[in-house]
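Encoded as structure tokens, the structure appears first; notes follow it.
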Amino acid sequence: MERISRFVKENKLCLGISYDGDGDRCLLTDENGEIIDGDIILAILAKYLKEKGRLKNNTIVSTVMSNLGLTRFAKDNGFELKQTKVGDRNVLEEMLKNDYNLRRRAVWTYYFVRL
């Protein structure tokens, strides 16, 4: 992340995206080279989907590992935040059971179901 953060800042870019080795997880870097937290990424995605009318049940699903900032964001912006026990299975079960379509697992991964 240090390398891409420096590259983004030095080249006056808007955004840097870093993927893990198999490409199933990402982190973002802003124009100042600062890493954008995964809960912030989830908030951005939720807000965008809501504006487009594509966020099912106006709900975000995450594990209990999400930070208080996400809880406050959800409350302040009229989103429902459902939190589950840690584990992909728990989060996916909650999504499928209640027809939600946006979730975050504990580390860097975002899932969209039936957009």
Side-chain angles (χ1 to χ4, degrees):
M1 284 304 298
E2 284 181 35
R3 192 169 162 195
I4 194 163
S5 293
R6 187 173 48 254
F7 183 84
V8 167
K9 191 173 180 180
E10 288 172 357
N11 291 282
K12 297 180 174 46
L13 302 175
C14 297
L15 179 71
I17 303 173
S18 299
Y19 292 94
D20 73 339
D22 63 357
D24 72 341
R25 292 177 272 178
C26 75
L27 282 176
L28 304 180
T29 303
D30 71 11
E31 69 276 7
N32 298 313
E34 299 293 323
I35 295 172
I36 299 173
D37 177 83
D39 286 338
I40 294 172
I41 297 169
L42 185 60
I44 292 166
L45 293 170
K47 189 172 181 181
Y48 175 80
L49 290 174
K50 183 178 181 180
E51 288 171 359
K52 298 296 181 187
R54 300 189 72 186
L55 182 63
K56 289 186 175 185
N57 300 314
N58 201 38
T59 301
I60 306 165
V61 182
S62 186
T63 70
V64 294
M65 298 300 291
S66 287
N67 66 43
L68 183 58
L70 183 61
T71 302
R72 288 184 179 155
F73 169 83
K75 183 179 178 184
D76 292 348
N77 290 277
F79 290 101
E80 186 75 27
L81 176 63
K82 297 290 184 177
Q83 292 186 302
T84 69
K85 294 179 185 174
V86 174
D88 283 345
R89 188 184 92 233
N90 297 320
V91 181
L92 186 58
E93 263 180 28
E94 180 72 20
M95 289 185 73
L96 296 175
K97 180 174 73 172
N98 294 295
D99 199 31
Y100 303 135
N101 67 337
L102 179 62
R103 76 158 171 142
R104 176 178 182 235
R105 78 178 193 193
V107 184
W108 309 343
T109 306
Y110 305 90
Y111 295 91
F112 300 95
V113 177
R114 292 183 299 253
L115 286 176

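Both backbone and side-chain heavy atoms feed into the values below; hydrogens, waters and symmetry mates do not. In this text the structure is predicted, and so the values were computed from the model without any measurement.
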Could you check whether any side-chain N or O of D99 sits under 3.5 Å from a backbone N or O of N57, counting only pairs where one atom can act as donor and the other as acceptor?
no

Any side-chain heavy-atom pair of R72 and K75 under 4.5 Å:
no

With hydrophobic residues grouped by side-chain heavy-atom distances under 4.5 Å, do L15 and I40 end up in a single group?
yes

Atom CD of residue position E51 - does it have more than 12 heavy atoms of other residues, nucleotides or ligands inside 6.0 Å?
yes

Not counting sequence neighbours, list each pair that qualifies as a ring pair (Phe, Tyr, Trp, His ring centres under 6.0 Å) and has a residue in residues 44-71.
none

Correct closest heavy-atom pair for L42 and S62 would be CD2-CB, 4.3 Å

Counting only N and O atoms by type, is there a donor-acceptor contact under 3.5 Å from the side chain of K50 to the main-chain atoms of N77?
yes

What's the shortest heavy-atom distance between K82 and Y100, and which atoms?
CE-OH, 3.3 Å

Check: N101 side chain, K56 main-chain N or O, donor-acceptor pair, under 3.5 Å:
yes

As an exercise, state the distance from OG of S5 to CD of E10, rounded to the nearest 0.5 Å.
10.5 Å

From I17, I4, L13, residue fulfilling side chain to side chain contact (heavy atoms under 4.5 Å, CB included) relative to T29:
I4

Please list all pairs meeting ring pair (Phe, Tyr, Trp, His ring centres under 6.0 Å) that have one or both residues in residues 57-78, counting only residues at least two apart or in different chains.
F73-F79

To the nearest 0.5 Å, what is the distance between CD1 (I60) and CG (L55)?
6.5 Å

Does N67 use its side chain to pair, donor to acceptor, with the backbone of L70 at less than 3.5 Å?
yes

Side chains of V64 and Q83 in contact at under 4.5 Å (non-hydrogen atoms):
yes

When rounded to the nearest 0.5 angstrom, what is the spacing between CZ in R6 and CG in N11?
11.0 Å

Main chain of T63, side chain of N90: is a donor-acceptor contact present, judged purely on distance under 3.5 Å?
no

For G69, is there any backbone N or O sitting under 3.5 Å from a side-chain donor or acceptor partner on D39?
no

Taking side chain to side chain donor-acceptor pair (under 3.5 Å) as the test, write out the residues that go with D30, two or more places apart.
none

Less than 4.5 Å apart, any side-chain heavy atom of L27 and any of M1?
yes

